[in-house]
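Written below as structure tokens is the structure these notes are about.
Numbering starts at 1 and runs along the sequence shown. Keep in mind that what you see is a predicted model, and the values were worked out from it rather than measured.
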Amino acid sequence: MINDHALFPFRYANRPRPLDRARLPSNASPTRRRLFRAHGPQPPEGLFDLDDDLTTDEYLGLHEAFEELGASTKLICVFFTADAENGIHAIYWGEAHLEPDRTFTWPHSEQLPVAPQPLA
């Protein structure tokens, strides 16, 4: 946590892959999914808004914030590819919205520089 921002590091591949190929594993915990839904950026506008009388407790629970973090906490994602032999290949940070198919939409992302590997 840094100033109402929760950092979420995530290795999305063990070989170089573009950020748009990142995908949350199918066996990811419900806690990880809830973290994205509660504190990640909101999805783009849908076809229509749901009235309060049409939403269910289950629907509202998907978007419930973690009490420990507080409702105003924003999720900042730090996604990277890495392996034991070569270290980090690429690293990005930004805001990622988790889509129903476990892919991500990035309203904002930025690639960070990777430090060169020291010679052994």
Side-chain angles (χ1 to χ4, degrees):
M1 288 290 299
I2 301 173
N3 296 331
D4 291 332
H5 291 81
L7 296 178
F8 178 76
F10 178 62
R11 183 176 68 125
Y12 66 92
N14 60 3
R15 63 182 189 271
R17 287 186 102 168
L19 183 61
D20 63 0
R21 301 277 312 274
R23 187 178 184 107
L24 195 66
S26 60
N27 63 350
S29 71
T31 302
R32 283 187 178 189
R33 293 173 192 258
R34 188 172 141 224
L35 186 64
F36 277 100
R37 289 186 183 107
H39 297 286
Q42 296 303 310
E45 292 295 320
L47 294 176
F48 55 88
D49 291 327
L50 291 178
D51 294 330
D52 289 339
D53 59 335
L54 296 177
T55 58
T56 63
D57 288 338
E58 181 181 3
Y59 176 83
L60 294 174
L62 291 174
H63 300 281
E64 179 182 305
F66 286 86
E67 288 182 21
E68 320 72 82
L69 297 179
S72 65
T73 298
K74 302 278 188 217
L75 184 65
I76 302 298
C77 297
V78 181
F79 278 36
F80 61 96
T81 62
D83 66 61
E85 292 178 7
N86 300 307
I88 295 175
H89 313 123
I91 186 167
Y92 303 85
W93 75 300
E95 298 176 336
H97 172 73
L98 179 61
E99 298 293 343
D101 65 354
R102 301 185 336 267
T103 60
F104 296 92
T105 302
W106 293 84
H108 169 77
S109 68
E110 181 179 338
Q111 187 169 5
L112 301 173
V114 175
Q117 288 288 333
L119 296 175

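The OG1 atom of T105 sits 9.0 Å away from the CG atom of L98 when rounded to the nearest 0.5 Å. The distance from atom CG of L19 to atom CZ of F104, rounded to the nearest 0.5 Å, is 9.5 Å. Rounding to the nearest 0.5 Å places CG of L35 at 8.0 Å from SG of C77.
Aromatic ring orientation, F8 versus F10: parallel (interplanar angle below 30°, classes split at 30° and 60°).
Using a distance-only test at 3.5 Å, with no hydrogens or angles considered, no donor-acceptor pair links the side chain of H108 to the main chain of E95.
Under the ring-ring contact (aromatic ring centres under 6.0 Å, His included) criterion, W93 pairs with no residue at all, not counting sequence neighbours. Under the side chain to side chain contact (heavy atoms under 4.5 Å, CB included) criterion, R21 pairs with R17, P18, not counting sequence neighbours. Take Y12 and apply the ring-ring contact (aromatic ring centres under 6.0 Å, His included) test, not counting sequence neighbours, and it matches no residue. With sequence neighbours excluded, the residues satisfying side chain to side chain contact (heavy atoms under 4.5 Å, CB included) with N27 are P25. For the side chain to side chain contact (heavy atoms under 4.5 Å, CB included) test, residues two or more places apart in sequence or in another chain that qualify with P16 are H89. In this structure S26 satisfies the side chain to side chain contact (heavy atoms under 4.5 Å, CB included) test together with R102, sequence neighbours excluded.
Across all their heavy atoms, I88 and I91 have their closest contact at CG2-CB, 4.2 Å.
Contact of the L112 side chain with the Y92 side chain is not registered, since no non-hydrogen atoms from C-beta on lie closer than 4.5 Å.
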